[in-house]
Amino acid sequence: MKSQICVCFLALLATLGIVNITSAQSNSEFQYEDTFDELDPSWGEPNQTYFVQDGVLVLKLDPGWSSWPINQGMIFEDADISVRTRQVTGKNFMQAVGLIFWAESPENFYVFATNRENAFVVIRRVKDKWLTPVTWRASDALKKGLDEWNELRVVTKGNRATIYINDNEILSLKGQPPAGGSFIGMFAGSPEDEAITYEFDDLRVK
């Protein structure tokens, strides 16, 4: 599979530690909140693959591509992270789309991902390798098909992450979170023979 490391991550390394997140200040209940009314600078420069439109974050992928934009605004330790996501184009419902957690860099992170065939997975990227701490499993908590919003949630505490789909607790797993905190982000992929577009909204961290 081809892969695309979000250019925004590398471009913002020089400004790591500078927080410019106006939406994060809008609700004291959250450490961070983004409703994607505009693309916050902590996500980097928009491009044809990655942009905000009509109040959502859009990942528009050519055939055979993956993308994993990582937010450079804040570092989190124990956290309650949630986002809504949906697939809006494409006939292939087997591709992964999800929430990045325990991210140290574009080469080291975890993904809680789902597809539109009622299945979920937990993936880990370590350098050039893709690991699968939790293999694909079915879940009736997911909504199938195009244009159906699903809320994905990960609650981390120490070396344990508990995952939820649409307010339903699914499972808990142990992992290797980065020392000193981690970043969050999004993940999506497309098959070799079809372009797919995904949308994300209401990203929150408690």
Side-chain angles (χ1 to χ4, degrees), residues 1-9 33-40 43-44 46-71 81-101 103 106 109-125 130 132-154 163-171 184-205:
M1 174 185 288
K2 302 173 186 175
S3 64
Q4 177 188 28
I5 298 175
C6 183
V7 175
C8 67
F9 188 96
E33 181 180 19
D34 200 333
T35 54
F36 299 111
D37 296 320
E38 60 184 8
L39 188 65
D40 191 89
W43 290 104
N47 55 49
Q48 62 183 6
T49 298
Y50 167 73
F51 54 91
V52 162
Q53 179 176 286
D54 298 328
V56 296
L57 176 67
V58 180
L59 291 185
K60 188 174 183 179
L61 304 180
D62 290 335
W65 284 86
S66 296
S67 182
W68 48 88
I70 295 176
N71 185 283
I81 313 155
S82 62
V83 71
R84 295 195 309 138
T85 182
R86 66 178 178 177
Q87 181 178 334
V88 295
T89 69
K91 297 179 180 179
N92 188 318
F93 295 154
M94 300 298 291
Q95 300 303 302
V97 55
L99 179 63
I100 290 175
F101 65 102
F109 58 84
Y110 286 75
V111 185
F112 167 38
T114 64
N115 64 27
R116 292 305 175 262
E117 287 290 346
N118 287 85
F120 70 92
V121 68
V122 177
I123 308 165
R124 184 183 181 189
R125 181 172 173 82
W130 291 98
T132 313
V134 179
T135 57
W136 283 103
R137 304 183 185 189
S139 174
D140 291 336
L142 282 163
K143 299 174 184 177
K144 296 179 66 174
L146 288 177
D147 297 323
E148 291 286 353
W149 286 103
N150 283 290
E151 183 180 74
L152 310 184
R153 180 183 172 204
V154 179
I163 63 176
Y164 298 78
I165 299 172
N166 295 325
D167 294 324
N168 297 282
E169 182 175 335
I170 304 302
L171 60 76
I184 60 172
M186 312 299 180
F187 180 92
S190 63
E192 293 290 340
D193 60 348
E194 185 178 32
I196 294 184
T197 301
Y198 302 92
E199 293 180 347
F200 297 82
D201 199 8
D202 296 330
L203 173 64
R204 297 186 173 99
V205 184

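Note that the structure is a prediction, hence the values are computed from the model and not measured.
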Exercise for the section: For Val205, enumerate each residue passing the side-chain contact (heavy atoms from CB on, under 4.5 Å) test, keeping only those at least two apart in sequence or located in another chain. Expected result: Gln31, Tyr32, Phe76, Ala79, Ile81, Ile184

Handout entry: Heavy-atom check, side chain of Asp201 versus side chain of Trp149, under 4.5 Å
Key = yes

Exercise for the section: Kindly compute the distance separating CD (Glu151) from NZ (Lys143), expressed to the nearest 0.5 Å. Expected result: 9.5 Å

Handout entry: Counterpart residues, salt bridge (Lys or Arg N to Asp or Glu O under 4.0 Å), relative to Arg86 (two or more places apart)
Key = Glu199

Problem - For Tyr110, the option from Trp68, Phe187, Phe101 that meets ring-ring contact (aromatic ring centres under 6.0 Å, His included) - result: Phe101

Practice task
Please name the pair of heavy atoms, one in Gly189 and one in Ser66, separated by the smallest distance, quoted to 0.1 Å.
Solution key: CA-OG, 3.9 Å

Handout entry: Side-chain touch Leu99/Leu203, heavy atoms, less than 4.5 angstrom
Key = yes

Practice task
Using a strict cut-off of less than 4.0 Å between a Lys/Arg side-chain nitrogen and an Asp/Glu carboxylate oxygen, indicate whether Glu33 and Arg204 qualify as a salt bridge.
Solution key: yes

Practice task
Would you indicate whether the side-chain heavy atoms of Tyr50 and Leu57 approach each other to under 4.5 Å?
Solution key: yes

Handout entry: Cationic tip of Arg116 above Phe93 ring, under 6.0 Å, 45° of axis
Key = no

Handout entry: 4.5 Å side-chain heavy-atom contact, Asp147 and Val88
Key = yes

Exercise for the section: Could you check if a side-chain atom of Thr49 sits within less than 4.5 angstrom of a side-chain atom of Lys60, using non-hydrogen atoms only? Expected result: no

Exercise for the section: Check the surroundings of atom CG in Asp140: do more than 12 heavy atoms from other residues, nucleotides or ligands lie under 6.0 Å from it? Expected result: no

Handout entry: Step-by-step side-chain contact (heavy atoms from CB on, under 4.5 Å) determination, Phe112 to Ile165
Key = CA-CA 10 Å; Phe112 167 38; Ile165 299 172; 3.6 Å; yes

Practice task
State, with a plain yes or no, whether a side-chain heavy atom of Phe120 is found less than 4.5 Å away from one of Leu171.
Solution key: yes

Practice task
Could you tell me whether the side chain of Asn166 and the main chain of Ala141 form a donor-acceptor pair under 3.5 Å?
Solution key: yes

Problem - Side-chain touch Leu146/Thr89, heavy atoms, less than 4.5 angstrom - result: no

Handout entry: Taking every non-hydrogen atom, the tightest pair across Gly64 and Ser190
Key = N-OG, 3.2 Å

Exercise for the section: Not counting sequence neighbours, which residues clear side chain to side chain donor-acceptor pair (under 3.5 Å) with Ser139? List them please. Expected result: none

Completion exercise
Contacts of Thr85 meeting side chain to side chain donor-acceptor pair (under 3.5 Å) (sequence neighbours excluded), chain-then-number -> none

Practice task
Return the set of residues passing side-chain contact (heavy atoms from CB on, under 4.5 Å) with Glu194 (not counting sequence neighbours), or none when no residue passes.
Solution key: Lys91, Asn92, Pro191, Ile196

Handout entry: Any donor-acceptor pair under 3.5 Å from Thr132 side chain to Ile123 backbone
Key = no

Exercise for the section: Calculate, to the nearest 0.5 Å, the distance between atoms CD1 and CG belonging to Ile163 and Leu152 respectively. Expected result: 9.0 Å

Practice task
Look up atom CZ in Phe200 and atom OG1 in Thr35, then write down how far apart they are to the nearest 0.5 Å.
Solution key: 15.5 Å

Fill in the blank from the handout: In short, Ala103 meets Ile70 closest at the heavy-atom pair CB-CD1, 4.3 Å

Exercise for the section: Give the minimum heavy-atom separation between Leu61 and Ser67, together with the two atoms involved. Expected result: CD2-CB, 3.8 Å

Fill in the blank from the handout: Taking every heavy atom of Tyr198 against every heavy atom of Ala96, the minimum-distance pair comes out as OH-O, 4.2 Å

Fill in the blank from the handout: In short, Pro106 meets Arg125 closest at the heavy-atom pair O-NE, 3.4 Å

Exercise for the section: Report yes if some heavy atom in the side chain of Gln87 is under 4.5 Å from a heavy atom in the side chain of Val97; otherwise report no. Expected result: no

Fill in the blank from the handout: To the nearest 0.5 Å, atom CZ of Arg153 lies from atom CD of Glu169 at 8.5 Å

Exercise for the section: Under the side chain to side chain donor-acceptor pair (under 3.5 Å) rule, collect the residues that match up with Asn118, sequence neighbours excluded. Expected result: none

Practice task
Describe, in one word, how the ring planes of Phe36 and Trp43 are oriented to each other, choosing from parallel (under 30°), tilted (30 to 60°) and perpendicular (over 60°).
Solution key: tilted

